[in-house]
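Each chain gets a letter, A, B and so on, in the order its sequence line appears, and its residues count up from 1.
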Protein chains: 2
Amino acid sequence: MDGRGKLLKSKQQADVFGRVRKAHQTEVAEDYVELIADLIAAQGEARAADLAARLGVSHATVTNTVQRLIGAGLVESRPYRSIFLTDAGKRLARVVRERHLIVRDFLVVIGVDAETAENDAEGIEHHVSKETLEAFVRMLRKSTSEG
Amino acid sequence: MDGRGKLLKSKQQADVFGRVRKAHQTEVAEDYVELIADLIAAQGEARAADLAARLGVSHATVTNTVQRLIGAGLVESRPYRSIFLTDAGKRLARVVRERHLIVRDFLVVIGVDAETAENDAEGIEHHVSKETLEAFVRMLRKSTSEG
DNA sequence: CACAAAATTTAACCTAGGCTACATCTTTTA
DNA sequence: TAAAAGATGTAGCCTAGGTTAAATTTTGTG
Ligand SMILES: [Mn+2]
Ligand SMILES: [Mn+2]
Ligand SMILES: [Mn+2]
Ligand SMILES: [Mn+2]
């Protein structure tokens, strides 16, 4: 016999893994713009030191990444000054923040405690397709109308 | 006024991001051992070329990563021969495969189509805590008893 | 059994994203 | 207002995970 298990076709599986790798490439950018937007909303400005403390990385790492995000057109900053989002950065931040909240609230609705939901949402958010996000929203609405 | 939004405490948020980074460090190892186990189950052996085709990376990348996994005690291989799992690798593969199926089936149960569920599960699986996985299992059981 | 094809290894290179140590600029405060 | 403290930038280093190209080994076939 050949084929004791049911494997996907090779190319199809390669596409799956490729999608995950692509999601990871945009992940850092998404987390940065979301955090920058949150800091500006809560404190009026986003400083590199705040980002470093909240991301749990060194300030040198933040400097490097911010340079890359400037190159990507998401962020603006002048030397020794705080960090701003471009229009593209603001748009991305809005989408990412919305998605983050949906994923987190969805986890709470299915019975995960708030802190764990926050933890898991931070990673899961980057791997949720439009379609899966819509399924999450349906569950959220159902729970609200039942609640 | 100060604090227009509700931010997590800095250290707590740093822990959240740190957990995601740690998950990403183990992610490649998890995907490899799962795939190696699947190939052995379906085809009797796992060749580097199969891994490369199914992961959508070059065979040189597979060689590099397999060397790292040998160093980590998850995989065994002799030059020019196929790839085997150590006992530790087999144990990890079993856990990872189980988790993968739960995530995928859960997505289907909440209304995501099978192909999208497979796509999203490949990324989400690495960010699902024990507690969230248990919530997924509860939903799966509920749907089975309702079905 | 020789030789062509296929698979694997090796080498040299790249980017992202981490780090530490040190230099420089800005802000606070004595 | 000058020195100390704090924030930011710069330099040099590291690992993971990618790539292509060339060398080598194994495998399959006439
Ligand atoms: Mn995130
Ligand atoms: Mn987030
Ligand atoms: Mn995976
Ligand atoms: Mn991920």
Side-chain angles (χ1 to χ4, degrees), chain A residues 10 14-36 39 43-84 122-123 126, chain B residues 10 14-36 39 43-84 122-123 126:
Chain A
S10 197
D15 289 344
V16 173
F17 283 116
R19 252 179 236 109
V20 176
R21 283 194 297 271
K22 181 170 287 185
H24 285 156
Q25 278 184 351
T26 56
E27 171 156 352
V28 169
E30 291 177 352
D31 287 335
Y32 270 68
V33 297
E34 183 185 4
L35 184 51
I36 291 167
L39 284 169
Q43 306 184 338
E45 67 174 345
R47 312 293 314 236
D50 298 347
L51 289 177
R54 289 187 168 273
L55 292 163
V57 298
S58 71
H59 65 275
T61 295
V62 169
T63 300
N64 287 340
T65 304
V66 165
Q67 286 310 309
R68 194 170 58 83
L69 298 185
I70 289 173
L74 294 169
V75 150
E76 288 172 336
S77 180
R78 296 192 323 287
Y80 295 99
R81 294 271 95 93
S82 64
I83 295 160
F84 301 90
E122 194 58 72
H126 309 282
Chain B
S10 199
D15 289 344
V16 173
F17 284 117
R19 254 179 235 110
V20 176
R21 283 193 297 273
K22 181 170 286 185
H24 284 158
Q25 278 182 351
T26 55
E27 170 156 352
V28 168
E30 291 178 352
D31 286 335
Y32 269 68
V33 298
E34 183 185 4
L35 184 50
I36 291 166
L39 284 170
Q43 307 184 336
E45 67 173 345
R47 311 295 313 237
D50 298 346
L51 290 178
R54 289 188 169 272
L55 292 163
V57 299
S58 72
H59 58 276
T61 295
V62 169
T63 300
N64 287 341
T65 305
V66 165
Q67 286 310 309
R68 193 170 57 85
L69 299 185
I70 290 174
L74 294 170
V75 150
E76 287 172 336
S77 178
R78 296 191 324 287
Y80 295 97
R81 295 269 95 95
S82 64
I83 296 159
F84 301 91
E122 193 59 71
H126 309 282

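Considering only side-chain N and O atoms, B/Ser58 lies under 4.0 angstrom from the phosphate OP1 or OP2 of D/dT19. Look at B/Thr61 and you'll find a side-chain N or O under 4.0 angstrom from OP1 or OP2 of D/dT19.
With C/dT9, D/dT19, D/dT8 as the candidates, the nucleotide lying closest to the side chain of A/His59 is D/dT8. Among the nucleotides D/dT8, C/dT20, D/dT20, the one closest to any side-chain atom of B/Ala60 is D/dT20.
Summarising the geometry, the separation between CD on B/Gln67 and P on C/dA11 is reported as 12 Å, rounded to the nearest angstrom. Atom pair B/Asn64:CG and D/dT20:P shows a separation of 13 Å (rounding to whole Å applied). The distance between atom NE2 of A/His24 and atom C1' of C/dA16, rounded to the nearest whole Å, is 13 Å. Note: CD (B/Glu45) to C1' (C/dA7) measures 11 Å, nearest angstrom. The distance from atom CG of B/Leu69 to atom P of D/dA16 is 11 Å, rounded to the nearest whole Å. Atom pair A/Arg21:CZ and C/dC14:P shows a separation of 21 Å (rounding to whole Å applied).
Looking only at distances, no side-chain donor or acceptor of A/Thr65 sits under 3.5 Å from a matching main-chain atom of A/Val62.
If you take CD on A/Gln43 and CG on A/Leu39, they are separated by 5.0 Å, rounding to the nearest 0.5 Å. Rounding to the nearest 0.5 Å places CZ of A/Arg54 at 13.5 Å from CG of A/Asp31. Atom CZ of residue A/Arg81 and atom CZ of residue A/Arg47 lie 7.0 Å apart, to the nearest 0.5 angstrom.
A heavy atom closer than 4.0 Å to some atom of DNA chain C occurs in no member of residues 46-55 of chain A. Contacts between residues 71-83 of chain A and DNA chain C, defined by a heavy-atom separation under 4.0 Å, are made by A/Tyr80, A/Arg81.
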Verdict with reasoning, A/Glu27 to B/Val20, per side chain to side chain contact (heavy atoms under 4.5 Å, CB included): CA-CA 11 Å; A/Glu27 171 156 352; B/Val20 176; 3.5 Å; yes
task: Output, in order, the C-alpha distance, side-chain angles, deciding distance and verdict of side chain to side chain contact (heavy atoms under 4.5 Å, CB included) for B/Tyr32 and B/Val75.
output: CA-CA 9 Å; B/Tyr32 269 68; B/Val75 150; over 6 Å; no
message: The test is side chain to side chain contact (heavy atoms under 4.5 Å, CB included); show your working for B/Asp50 and B/Glu45 and say whether it passes.
response: CA-CA 10 Å; B/Asp50 298 346; B/Glu45 67 173 345; 5.8 Å; no
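Nearest heavy atoms, B/Phe17 versus A/Leu35: CE1-CD2, 4.4 Å. Here the closest heavy-atom approach between residue B/Ser10 and residue A/Ala53 is recorded as OG-CB, 3.5 Å.
Contacts of B/Val62 with the nucleic acid, taken as non-hydrogen atoms under 4.0 Å apart, are absent.
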